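Worksheet: the structure to be examined is printed underneath.
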Amino acid sequence: MSLYDQYPVSIYNSLKKEKEVFKPIHEGRVGMYVCGPTVYSDVHLGNVRTFVSFDVMFRYLKYLGYKVRYVRNITDVGHLVGDADEGEDKIAKKARLEELEPMEVVQKYTNGFHDVMDMFNAIPPSIEPTATGHIVEQIEFIKQIIDNGYAYEKDGSVYFDVRKYSQDHKYGELSGRNIEDMLSNTRELSGQDQKNDPLDFALWKNAESGHLMRWPSPWGIGFPGWHLECSVMSTKYLGEKFDIHGGGMDLKFPHHEAEIAQNKGCTHSGGANYWVHGNMLTVNGRKMAKSEGNGFTPEQLLTGDHKLLERGYSPMTVRFFMLMSHYASTLDFSNEALQAAEKGYKRLMASVNLIEKLGQPGGSVDKEKSAELTSVIDQALKDLSDDFNTAKAVASLFDLSTKINTFYQQPGELAKIDPEAFEYAIKHFKGIIFDVLGLRNEGEIAQDGKTLDGVMQVLIELRKQAKFSKNYALSDKIRDDLKEAGVQLKDEKGGEMSYTID
RNA sequence: GGCGCUGUGGCCGAGUGGCUAGGCAGAGGUCUGCAAAACCUUGUACAGCGGUUCGAAUCCGCUCAGCGCCUCCA
């Protein structure tokens, strides 16, 4: 029996607006598509949160034994600048500002994005397709939509005919909107005269002279519309029907709504069965966004070089902080919260490090105590299967952490644990922490240095001698000075000493 | 205006109609030469007002406060 049968996953489906038992289309296999970043500037924490959320889903589904194909695109063309109605492309605009080739801009920020994802230990997706790499497919997709009667051409551009579409399908099913409301609330926008209807959106845009991104098409020189790539690439790599589609809450409308319409308009299938939306990161209760000026770069987060940051925080502290809440809840950033997360993270890692130092379990096995141990793991897996509730799972991990610490201090307690139960619990304890939550043991990395460890052993030996001769002034000085240098010495039972690096 | 969300103890943050979430901080204790860490103990929490119910933080209604989307946004 596989783990996914043992711990069936349920997911909150934005499309149905309720939690459902997850049933993949193909037994044992999952196709997952997540809307990736637009690479025209640095990613900020909000982006990181969303991708970390989906990274955990990817990791957990694999942990359960599913074979997962995870597709996350790179948007390197297509999104229009909000206040420029002339149809100027974000990337083209940025290119002009920086006097670069558009593809130079794309490459620069794609590299940066990958570096940041790596820093936060997010596993690269199975496929990371780019919009510019799928111009041909996008053109074919548009042709089919036109053939199906849901799009029209006008002056070298092609628009999706929302009204026509809504006669046959429900437009707005994901975001809970209806066409009439939207019509009466449409804002006055200039430059929309080409469209038959303000609700229509572009599938292909005619490139004006001087526009930097241009490709030939049956409708002239131009570039693909803002929403098209995701429809096209999810269909290409996952099929007309696939399992999970994810993205940030703010993409629900219009982006995902348009995506569904394009999919149905082309293939008559709506794409994903389960739509999953991650919530926003907030600062003082407000969405972290570039326009608010309350976001910061990962570099600033590490160094603490930002007016909102009291000091820097390590990547794993931040990752752990994010996992202490549920992906569908807003998460409010504050220095206090981050500092609390940092302590919690270190506490967890300290227990992990202790595992190696534990003696042998068993001897005078207490069945109840053993069952208690495995039930904590059981609970954690149930919680993860319950819409990926990392917050709850983390609580179980802390329970286990306490138990491990007790085992270390009181070997008698460890003797009560059945060796098999112990092995099972430790395997999953580590599995959940490292494989599912994707945490890295930052302290351990620092301790890898053999030279440093050798130096530490010398200092520890000196301190032991000082203590033995009751020269507490010297032994305290060694400890205090090391503390100053970022190394915490701990006296243990039996006169042994250990150290941790901050 | 339309669609939707949230309001939990000092802070962050889970939560099922009845059983201690958890982390951080605080208090007391054990251990220790002193620390640190760890362990144990400790908190009259669920915005307000009504209603449903044997029982609601959890369901319903209203009020108040805040937020998101509706334009690019994770």
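Residue numbering restarts at 1 for every chain, and letters A, B, ... go by the order of the sequence lines. Note that the coordinates shown come from a computational prediction; the quantities given were computed from them, not determined experimentally.
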Can you give me the N/O atom pairs linking the protein to nucleotides 25-31 of chain B at distances under 3.5 Å, or say none if there are none?
unit_1 : atom_1 : unit_2   : atom_2 : d
B:rA25 : OP1    : A:Lys343 : NZ     : 2.5

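- A donor-acceptor pair shorter than 3.5 Å cannot be found between the side chains of A:Asn73 and A:Glu128.
- Distance check on atom P: B:rA25 versus B:rC31 gives 23 Å, rounded to whole Å.
- In this structure, B:rU42 and B:rG26 make a Watson-Crick or G-U wobble pair, each of the two defining distances being under 3.5 angstrom.
- Side-chain polar atoms of A:Tyr313 and A:Asn335 form a donor-acceptor pair below 3.5 angstrom.
- Pairing for B:rG68 is with B:rC3, a Watson-Crick or G-U wobble pair whose two hydrogen-bonding atom distances lie under 3.5 Å.
- A donor and an acceptor atom, one from each side chain of A:Asn178 and A:Tyr171, are nowhere located under 3.5 Å apart.
- Taking the C1' atom of each, B:rU30 and B:rG68 are spaced 50 Å apart, rounded to whole Å.
- Remark: the backbone N or O of A:Lys382 is not paired with any side-chain donor or acceptor of A:Ser385 at under 3.5 angstrom.
- Side chains of A:Ser157 and A:Lys195 form no contact here, defined as non-hydrogen atoms less than 4.5 Å apart.
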What protein N or O atoms touch nucleotides 65-68 of chain B N or O atoms at under 3.5 angstrom, if any, and at what distances?
unit_1 : atom_1 : unit_2   : atom_2 : d
B:rC67 : OP1    : A:Arg286 : NH2    : 2.8

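- Each of A:Tyr12 and A:Ala473 lies near RNA chain B, and the nucleotide nearest A:Tyr12 is the one positioned closer to the 5' end.
- When only modelled atom types and interatomic distance are considered, A:Glu413 and A:Thr406 share no side-chain donor-acceptor pair under 3.5 Å.
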